[in-house]
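Notes for the one structure printed next.
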Amino acid sequence: MKDSKLLQLLYNNPSVGMEQLMNQYAGLVYTVIKGKLSESYFVSSDIEDCMADVFSEFYTELHKYDPKVSSIKSYLCVLARNHAIDIARKRERQQWDVSLDDGESSLQITDDIAIDSELEAEELRREVFSNIKALGEPDSSIILRKFYFGQSSKEIADALKLSVSNVDTRTSRALSKLKKLYGGK
């Protein structure tokens, strides 16, 4: 959808406009954010929060957007980059923060079990994401849109210019491939 029509939709019917905006640009925003937050200490919730912040700011500050200056695509990329950098800086500062209580350090390290399970979970997430990317296009996009962004088969079909039955068939086949990789789990 062209920027002018998308802006008109955002002003006239905000919920439908935001849905269209996210359908059209969620993958791009995700890629920009993921590129900035690729370090091992960032978790998927950081990326999800950042994505939510980007789309939220775009909508709440819509009156500041000037289509003569940039396209919606460029504007969202800048917002995504800036929000991701802010999160990275915040995380870096938190890494070195130590709170003091009565002159003694109250920094506590959780037990090894909690740390190990968190690392294992992050490693598994990376492995799953890597295997999803290995499915190739459009299967990887379909899986990410369906299970990460929560889009319906119809929304995915519209965005990727496929039929709904094709999306459902590809989803089923992709899930079967992933199940085989993980021993049927």
Side-chain angles (χ1 to χ4, degrees), residues 1-97 118 121-133 135 137-162 167 171:
M1 180 177 282
K2 291 190 177 185
D3 285 359
S4 57
K5 287 186 179 184
L6 185 55
L7 282 174
Q8 186 178 11
L9 189 59
L10 283 163
Y11 284 116
N12 295 336
N13 192 345
S15 62
V16 174
M18 282 305 293
E19 184 177 337
Q20 178 61 37
L21 178 76
M22 290 184 352
N23 284 342
Q24 197 165 332
Y25 294 113
L28 174 67
V29 169
Y30 176 85
T31 302
V32 170
I33 293 168
K34 182 72 173 165
K36 294 292 179 189
L37 302 181
S38 62
E39 300 297 322
S40 62
Y41 51 83
F42 293 107
V43 293
S44 60
S45 63
D46 290 328
I47 296 170
E48 292 167 10
D49 291 345
C50 191
M51 284 189 68
D53 289 346
V54 168
F55 285 110
S56 176
E57 182 178 335
F58 181 82
Y59 179 70
T60 57
E61 305 291 328
L62 188 57
H63 63 280
K64 292 182 180 178
Y65 170 71
D66 185 0
K68 294 174 187 165
V69 175
S70 69
S71 66
I72 291 175
K73 179 179 180 179
S74 299
Y75 192 78
L76 284 171
C77 285
V78 170
L79 283 177
R81 184 197 69 204
N82 291 344
H83 276 277
I85 289 171
D86 288 346
I87 287 174
R89 287 179 182 154
K90 183 178 178 183
R91 183 58 64 99
E92 192 171 323
R93 280 191 306 268
Q94 287 174 343
Q95 182 179 2
W96 300 108
D97 284 350
E118 189 176 315
E122 181 60 28
E123 189 175 314
L124 180 61
R125 276 191 287 273
R126 286 175 183 270
E127 181 183 335
V128 169
F129 187 71
S130 175
N131 287 331
I132 289 172
K133 285 175 56 177
L135 293 171
E137 289 298 330
D139 294 349
S140 59
S141 291
I142 291 170
I143 295 297
L144 287 174
R145 286 173 178 266
K146 189 163 203 73
F147 298 102
Y148 181 76
F149 297 117
Q151 293 180 343
S152 69
S153 295
K154 171 125 179 61
E155 291 170 326
I156 297 169
D158 292 342
L160 299 179
K161 310 271 190 274
L162 300 169
V167 168
T171 301

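Each residue takes its place number in the sequence, starting with 1.
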Do you know which two heavy atoms are closest between [X] and [Y], and how far apart they sit?
{"X": "Val29", "Y": "Phe55", "result": "CG2-CZ, 3.8 Å"}
{"X": "Ala80", "Y": "Cys50", "result": "O-SG, 4.3 Å"}
{"X": "Gln20", "Y": "Leu9", "result": "CB-CD2, 4.2 Å"}

Main-chain N/O of [Y] paired with [X] side-chain donor or acceptor, under 3.5 Å:
{"X": "Asp3", "Y": "Ile72", "result": "yes"}
{"X": "Thr31", "Y": "Gly27", "result": "yes"}
{"X": "Ser141", "Y": "Glu137", "result": "no"}

Below 4.5 Å, heavy atoms only, C-beta onward: do [X] and [Y] meet side chain to side chain?
{"X": "Cys77", "Y": "Val32", "result": "yes"}
{"X": "Lys34", "Y": "Ile47", "result": "yes"}
{"X": "Val54", "Y": "Leu76", "result": "yes"}
{"X": "Arg145", "Y": "Glu155", "result": "no"}
{"X": "Asn23", "Y": "Asp158", "result": "no"}
{"X": "Leu7", "Y": "Leu62", "result": "yes"}

Would Ile156 and Leu162 count as a side chain to side chain contact (heavy atoms under 4.5 Å, CB included) if you check the C-alpha gap in whole Å, the side-chain angles of each, and the deciding distance to 0.1 Å?
-> CA-CA 8 Å; Ile156 297 169; Leu162 300 169; 5.8 Å; no

For the pair Ile87 and Lys36, evaluate side chain to side chain contact (heavy atoms under 4.5 Å, CB included) and give the outcome as yes or no after the intermediate values.
-> CA-CA 9 Å; Ile87 287 174; Lys36 294 292 179 189; over 6 Å; no

Any chance you could lay out the side chain to side chain contact (heavy atoms under 4.5 Å, CB included) test for Glu57 and His83, step after step, and finish with the verdict?
-> CA-CA 10 Å; Glu57 182 178 335; His83 276 277; 2.5 Å; yes

Tyr65 vs Phe58 aromatic rings, parallel, tilted or perpendicular, using cut-offs 30° and 60°?
-> tilted

Between the side chains of Lys146 and Ser153, does any donor sit under 3.5 Å from an acceptor?
-> yes

Looking at NZ of Lys73 and CG of Leu6, how far apart are the two atoms once the value is rounded to the nearest 0.5 Å?
-> 13.5 Å

